[in-house]
Amino acid sequence: MIAAVLGFFSKKMRRAKAIATANVTSNSSTSSTASAEKAVVSSNASQASNSPAAAETPTPTQDPATVIQDSLKELHGLIRETQGERSKGDTNLTNIGKTHERMQSEQKMMSPYYRTKLKGLYTTASSDSEKEADLLRKCLEKIAQIKAVRNEQRLLAKNSGMYADGEGPRKTMRRGVLMTMLQQAALTLPLWIGRGTESPPPLCGCMPAEANYIAKPGDKIAARVKSDGDENWILAEVISFNTNSNKYTIDDIDEEGKEHVLSKRRVIPLPLMKANPETNPEALFKKGTLVMALYPQTTCFYRALIDEPPTGPMEDYLVLFEDNSYADGYSPALKVAQRYVVQIKEPRKR
């Protein structure tokens, strides 16, 4: 019985730790949310988002700066609540440890007294864990709202030709700066944390988008474009979608202003959330799966085999890119973030 209870509680704690682990790395994002993320780090809260779709953008009558400031205040309050719940949980975990130590020192079997006591302690610990997880989810929703407001501001600035310091057009951006931005985008991709036996949603890890899904302006995608007579899959950003023609207008991420108009079959939405290997391994590509992955330090996707899936929520895939210059036809294993590994889409045969 105790083994079963320990296993149940261990799973609960792994999920809570996964949220906290994702936050520590993710909190290195952009400067406007730095104060919020610094607060999350200090309180071991999470940067993951349970449902990006739930993030709300301000109405036209709301000032974005005010919305962000108010959201930061609310986030700070939620973090303090989370820390309080965590302290309560830590005290209970200490009592559980001491009880087991006492049992071992007295060399007693599981007596009715200790069985009842431990059952109560584990029940309380499980309840504390759920309360903390609920507060963390509220933190995630608040962070998602802040990100949504910032993205809306970025798109407005881009459309008007106005840029914040250090965020000029990509055609004038140094290569190293662009690569750093792509790495940060992968690090700060929200980690999906489900409830109980809840299944991962579409666009979480390797889960495909629904058939009628339309990527929103600003979303990153893999796009099959023609260039100098060749066709390549590139990293791009959605500008708009025309419902009449059923086509996207997209912008090459490597050369802002170089637009393409493409049909839906030439576009693959990138994941909106990372999958946690510890709780949802089914949402990750398995070893040996043929995929398309973003080659490191480039903005192009190439065919590759999964060598090893991620082992932790902040870990990357190890992939083998197809490369005829090697004897076995594949490159050595290279790391690629979950955000930049997608299901392969073969060209339509003519």
Side-chain angles (χ1 to χ4, degrees), residues 21-41 46-49 52 68 143-144 146-158 161-191 205 215 217-223 232-239 250-258 268-274 292-302 304 310 312-319 321 331-342:
T21 302
N23 166 73
V24 171
T25 305
S26 298
N27 280 317
S28 60
S29 63
T30 54
S31 58
S32 291
T33 56
S35 59
E37 294 167 339
K38 181 178 180 182
V40 177
V41 169
S46 170
Q47 176 76 9
S49 173
I68 291 176
I143 291 172
I146 294 171
K147 283 188 171 184
V149 175
R150 280 186 47 77
N151 188 56
E152 184 71 18
Q153 288 181 296
R154 183 184 65 81
L155 292 175
L156 289 173
K158 175 182 174 181
M162 299 173 63
Y163 296 88
D165 292 341
E167 297 183 359
R170 285 187 293 274
K171 60 187 176 183
T172 64
M173 188 180 295
R174 288 183 300 172
R175 189 73 178 178
V177 175
L178 175 59
M179 294 301 108
T180 298
M181 289 176 60
L182 297 183
Q183 291 172 3
Q184 289 179 341
L187 285 172
T188 58
L189 189 67
L191 176 69
D219 282 358
K220 301 300 185 295
I221 57 169
N232 297 294
W233 285 95
I234 66 168
L235 180 61
E237 181 176 279
V238 173
I239 297 177
I250 61 105
D251 190 12
D252 187 340
I253 201 74
D254 200 18
E255 189 174 351
E256 189 170 291
K258 189 175 183 179
I268 303 177
L270 297 191
L272 297 178
M273 293 168 282
K274 284 183 288 192
M292 289 200 306
L294 193 71
Y295 197 89
Q297 300 302 308
T298 76
T299 57
C300 290
F301 290 84
Y302 297 99
M314 299 307 298
E315 300 298 321
D316 297 332
Y317 283 101
L318 283 177
V319 304
F321 285 96
S331 71
L334 297 173
K335 290 184 177 182
V336 181
Q338 282 195 47
R339 181 173 176 81
Y340 303 125
V341 179
V342 296

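- In this structure, the side chains of Gln297 and Gln183 come closer than 4.5 Å at one or more pairs of heavy atoms.
- Atom CG in Leu182 sits 9.5 Å away from atom OG1 in Thr298 (nearest 0.5 Å).
- Atoms CD and NZ, on Glu315 and Lys335 in that order, are 6.5 Å from each other to the nearest 0.5 Å.
- The two residues Pro271 and Leu189 come nearest to each other via the heavy atoms O-CD1, 3.7 Å.
- For the atom pair Cys300 SG and Leu294 CG, the distance stands at 8.0 Å (nearest 0.5 Å).
- Separating the CZ atom in Arg339 from the CG atom in Leu187 is a distance of 11.0 Å, to the nearest 0.5 Å.
- When all heavy atoms of Gln338 and Lys274 are compared, the closest pair comes out as OE1-CA, 3.5 Å.
- Tyr302 pairs by the ring pair (Phe, Tyr, Trp, His ring centres under 6.0 Å) definition with nothing, not counting sequence neighbours.
- Considering every non-hydrogen atom in both Tyr340 and Val336, the closest pair reads O-CG1, 3.7 Å.
- The two residues Ala293 and Phe321 make their nearest non-hydrogen contact at O-CE2, 3.4 Å.
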Show the numbers, then the answer: is there a side chain to side chain contact (heavy atoms under 4.5 Å, CB included) between Ile234 and Asp254?
-> CA-CA 9 Å; Ile234 66 168; Asp254 200 18; over 6 Å; no
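- Contact annotation: the side chain of Met179 approaches that of Thr299 to within less than 4.5 Å [non-hydrogen atoms, C-beta and beyond].
- Here Ala215 pairs with Tyr213, Asp219, Ile221, Val238, Tyr248 under the side chain to side chain contact (heavy atoms under 4.5 Å, CB included) rule; sequence neighbours left out.
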Can Val341 and Asp316 be said to form a side chain to side chain contact (heavy atoms under 4.5 Å, CB included), step by step?
-> CA-CA 10 Å; Val341 179; Asp316 297 332; over 6 Å; no
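- Under the 4.5 Å side-chain criterion, counting only non-hydrogen atoms from C-beta, Leu191 is not in contact with Met273.
- Across all their heavy atoms, Lys147 and Thr188 have their closest contact at NZ-O, 2.8 Å.
- Contacts of Ile268 classified as side chain to side chain contact (heavy atoms under 4.5 Å, CB included), with partners at least two apart in sequence or in another chain: Ala222, Trp233, Met292, Val342, Lys345.
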